[in-house]
Amino acid sequence: MIRFDILSIFPEMFESPFNSSLIKKAWDRQIIDIRVHDIRHYATDKHRMTDDYPYGGGGGMVMKVEPVARALDDIVYPGGNCQVILMTPQGEPFNQSIAEDLTRFDHLVVICGHYEGIDERIREHLVDRELSIGDYVLTGGELPAMILVDAVARLVPSVLGNDESARNDTFTMGRLEHPQYTRPQEYRGWTVPDILLSGDHKKIDQWRRRKSLERTLKRRPDLLETPPLSEEDRDLLEGIRKSETSK
Ligand code: ADE
């Protein structure tokens with residue numbers, strides 16, 4: 001069981017995404033536990049302010065430290081196997097290997113950043129890790145938090161049904177997936193490659209590996225630089241590169 005606590009000033013944003021799909025099923029089956037907390041509840045002033053003007057002037061508002069600190073005091077048990085994450089465009093780029101790494105924890109607390117910025121003391125004293133979901137700026141950390149929870153939750157054993165597998169994922173294997181087809185065999189004249197209907201599993205496996213490498217080389221050549229390739233894949237890749245240059 002992995003527990004996610006999300007701190008947000010818009011907790012209602014999480015209702016719909018977490019109340020459908022495999023995340024909801026896993027929650028119902030108590031494989032994961034997700035709790036969403038309104039940061040505003042932890043604000044002490046009469047207007048329940050979670051932001052304030054920046055010291056030193058300038059535009060925009062800054063997320064206050066006290067409500068976040070008080071929320072964490074309430075949620076994080078000392079000595080627990082917990083990681084506190086801040087979603088921010090300034091964070092380390094989130095990817096599949098970080099998602100895998102996060103499954104080591106029993107408890108993930110995700111703070112959704114907001115406003116022009118956050119009080120730096122949140123970063124310095126309260127957060128273990130800062131993550132960004134990409135080089136673009138959203139209105140807040142809620143959508144990024146949903147992405148993080150989804151990506152981590154599906155790696156928890158038995159969250160995915162039998163029809164899905166986290167093992168052969170694009171990126172887990174360091175390359176993009178090969179093309180897939182299902183019935184019908186022909187639609188509007190668009191046909192399924194003969195080899196997939198041949199029943200020759202060795203050939204099918206080779207074809208899939210080649211297609212996966214071709215696609216990765218074309219769309220994400222950077223992925224081929226990091227993982228060690230098998231000798232067979234190196235030969236395949238060499239062949240693909242040669243046939244591309246002779247076209
Ligand atoms: N908050 C706003 N934009 C973000 C991003 N790209 N990643 C994480 N948190 C964010």
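All ligand and atom numbering here is 1-based and tracks the order in the structure. Numbering of residues begins at 1 and proceeds along the displayed sequence.
A salt bridge between Lys211 and Glu214 is present, with a side-chain N of the basic residue lying under 4.0 Å from a carboxylate O of the acidic one. Taking a cutoff of 4.0 Å between a charged side-chain nitrogen and a carboxylate oxygen, Arg48 and Asp38 do not qualify as a salt bridge.
In this structure, Asn19 places its CG atom where more than 12 heavy-atom neighbours from other residues, nucleotides or ligands lie under 6.0 Å away.
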Just the distances, no angles: every ligand 1 N or O to protein N or O pair closer than 3.5 Å, one line each.
from     : atom 1 : to     : atom 2 : distance (Å)
ligand 1 : 3 (N)  : Leu138 : N      : 3.0
ligand 1 : 6 (N)  : Gly134 : O      : 3.1
ligand 1 : 6 (N)  : Tyr136 : O      : 2.8
ligand 1 : 7 (N)  : Ile133 : N      : 3.0
ligand 1 : 9 (N)  : Thr88  : N      : 3.2

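Residues satisfying the side chain to side chain donor-acceptor pair (under 3.5 Å) test with Asp74, not counting sequence neighbours, are Tyr42. Remark: Asp5 pairs with Arg3 by the salt bridge (charged side-chain N to carboxylate O under 4.0 Å, His left out) rule, at least two apart or across chains.
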Using residues 50-61 as the side-chain source, report each donor-acceptor pair under 3.5 Å to any protein atom, sequence neighbours left out, with the distance given to one decimal.
from  : atom 1 : to     : atom 2 : distance (Å)
Thr50 : OG1    : Tyr115 : OH     : 2.8

